[in-house]
Colleague: 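What follows is a single structure, and I will ask about it in a moment.
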Amino acid sequence: MSKIQVLDQNTINKIAAGEVIERPSSVVKELLENAIDAGATAITVEIREGGISFIRVTDNGGGIAPEEIPLAFLRHSTSKIRSAEDLFLVSSLGFRGEALSSIAAVSQVELITRIPERLTGIRYQMEGGQEKSREEIGAPEGTTLIVRNLFYNTPVRRKFLKTPVTEGSHVGELVEKLALSHPEVSIRFIQNNQNKLYTSGNHNLKDIIYTIYGREITANLLAVKACQEAVSITGYIGKPVIARNNRNFENYFINGRYIKSSILSHAIEEAYKPFMMQHKYPFTMLQLQIEPELLDVNVHPTKMELRFQNGELVFQILRDAIAGVLMHKELIPEVELGEKQREIRDATLPEKTEKKPSLPEPFEQRRMAQLFPENAIPSQPEAVAETSAGYSASPQNKAPTQQIKQKQLDLFEEPLLAPASRNRHQLIGQLFDTYWLVEFNDQLYIIDQHAAHEKVLYEKTMASLKERQQTSQIVDPPIILTLSSKEEALIRQYRQVFQELGFEIEPFGGREYAVRTVPDNLFSIAQKELLTELLDTLSEDLAAGGSDLIRERVAMISCKAAVKGNHSMTAAEARQLVDQLLLLENPYACPHGRPTIISMSKYELEKKFKRIL
Ligand code: ADP
Ligand code: MG
């Protein structure tokens, strides 16, 4: 056994650095927060190679006094708190005194700083936590920190870094969030010698939202202003028309700090629920000021999770503030519900929501209710019982869908879809402009035209995408998209794949990109919303799927959009559709997993009419 020894300070710092500094964006976060804490009104962030080889943060804040410079790089040295009690009063962004020591332990750091009281500044260099040089130089008031070659002395950590493009996009995102949370500070971001972001520091949040998110979002904002007990909320929320497919656009800051919190997300989504389709998420940009007593500040500095002393209260205040704003706007057209659904709704909703506009039932539920009215399909007694119970008791219950799907497969023991059965199909007609009724072998089959169409198109598109038989068409004028830095990185990283699929996307100045060509099958429906939706779903979980996922999503979106709207179909077209459906490997569910076909037997009908017992 080796002897027990106390680790030297340098090693301790290197280990500690792992907790605070994970990647270039964590360095930028710490340096930006320090600059803001130092009272800067203008900050420039510059990175090269995604911040791996070079990060420079320059501020015009108060500077560091010459005699305090070495202290600033000591672990647990901070000018912001004096004792553990102070932790509860902190209003500054960082206070654990760990950042500079951690950064200096794993990189080459150069500090240039001057306080207003002095005529000259100091240039101070460190490498791997050791002082390298110190000299007096001419410098503007404020502080510049340069961090070179991150993790140069910890190769294992360095190996964990992603490509410069990915790391750079993390930094870009972080700078955006800080700019949004501090409209009073002018922030400039330069990446590989290109200006990526500039905010003027004029206190106007909407200006920054415009710079980062573009025209369309800015045009659809509602202001929020609420103050209750220990919580005050200001900022903007998006109208439901600019809803997205993931939570990336739900932003909120607590006491100036960008955080993630399932409580706050939940509160936001709860407020939006009556106005939103399922799986859609709103745009929000909210500043919450919460009394420090209500926060658990002793959370890990790099974790963006925050704990509340009284989460329930914060939840309610936020939800009510947002709901209040939404409720007073005419956002949703009246949707008439059937008597039955109205009863259910009124029975399940608390009283005070009575004055709301009628709630559009989520699409899925409406469809379920249409397809499986109580006891309509007695061949699946369990499923039906589950459905109606699930529906009235808890509309969100997912279980019934699964039950039905399982049952679904049993229904097709008789080979309706075998090509040989084809000329024994009796096409009876169309119901509600949507469902085709087919009689075959003592069964009534009900085919959802949209789901079937979507399925057929999807398989076709996937096949042609796989065989690279894709051709593209020019969109004129091009579609202009304003992209977030994450989306920008996505498009760059997968440029090749997008090109193969038939997308030609070019930089169009600043955050804007011009889409000049799209795949053939997207042409008739290519619109801004469609492409935004595509990028949204991709940026959500691209890491898992890579280029295959892009292909799949393009196919999915193109066919989903292609069959939107109730076009009526002639009987001949319906026959053709059923024919095409026959050829598929799994014709029973559309690409989103909803059934394409359900059935009811003659026997069950006769039982219903009490012709047999
Ligand atoms: P913390 O921010 O938690 O106090 P840091 O390690 O980030 O710890 O910084 C240590 C100290 O160095 C700070 O408390 C502050 O006094 C000083 N400091 C760091 N960056 C700046 C800056 N940009 N301008 C002025 N002072 C700074
Ligand atoms: Mg700090």
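Note that ligands are numbered from 1 as they come in the structure, with each ligand's atoms numbered from 1 the same way.
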Colleague: Record the part of T113 in heavy-atom contact with ligand 1 below 4.0 Å; permitted values are side chain, backbone, both and neither.
Modeller: neither
Colleague: Among I103, N34, L31, which residue places a heavy atom closest to atom 21 (C) of ligand 1?
Modeller: N34
Colleague: Indicate every side-chain donor-acceptor pair of residues 106-113 with a distance under 3.5 Å to a residue at least two apart or in another chain.
Modeller:
| unit_1 | atom_1 | unit_2 | atom_2 | d |
| --- | --- | --- | --- | --- |
| S107 | OG | I103 | O | 2.8 |
| Q108 | OE1 | N149 | ND2 | 2.8 |
| E110 | OE1 | R148 | NH1 | 2.9 |
| E110 | OE2 | R123 | NE | 2.8 |
| T113 | OG1 | I64 | N | 2.9 |
| T113 | OG1 | G142 | O | 3.3 |
| T113 | OG1 | T143 | OG1 | 3.0 |

Colleague: Can you check whether F315 and F308 have ring centres sitting under 6.0 Å from each other?
Modeller: no
Colleague: Does either side chain, that of E250 or that of T284, offer a donor lying less than 3.5 Å from an acceptor on the other one?
Modeller: no
Colleague: Do any N/O atoms on D59 end up under 3.5 angstrom from N/O atoms on ligand 1?
Modeller: yes
Colleague: Is there a polar contact between ligand 1 and A99, counting only N or O atoms under 3.5 Å apart?
Modeller: yes
Colleague: So do N245 and T532 actually touch side chain to side chain, heavy atoms under 4.5 Å?
Modeller: no
Colleague: Is it true that G63 lies under 4.0 Å from ligand 1, counting heavy atoms only?
Modeller: yes
Colleague: Between Y258 and F253, is the gap from one ring center to the other below 6.0 Å?
Modeller: yes
Colleague: Using a heavy-atom cut-off of under 4.0 Å, does the side chain or the backbone of L100 touch ligand 1, or both, or neither?
Modeller: both
Colleague: Report the part of A38 in contact with ligand 1, treating N, CA, C, O as backbone and CB onward as side chain, heavy atoms under 4.0 Å; options are side chain, backbone, both, neither.
Modeller: side chain
Colleague: Verify whether the ring centers belonging to F189 and Y198 lie closer than 6.0 Å.
Modeller: no
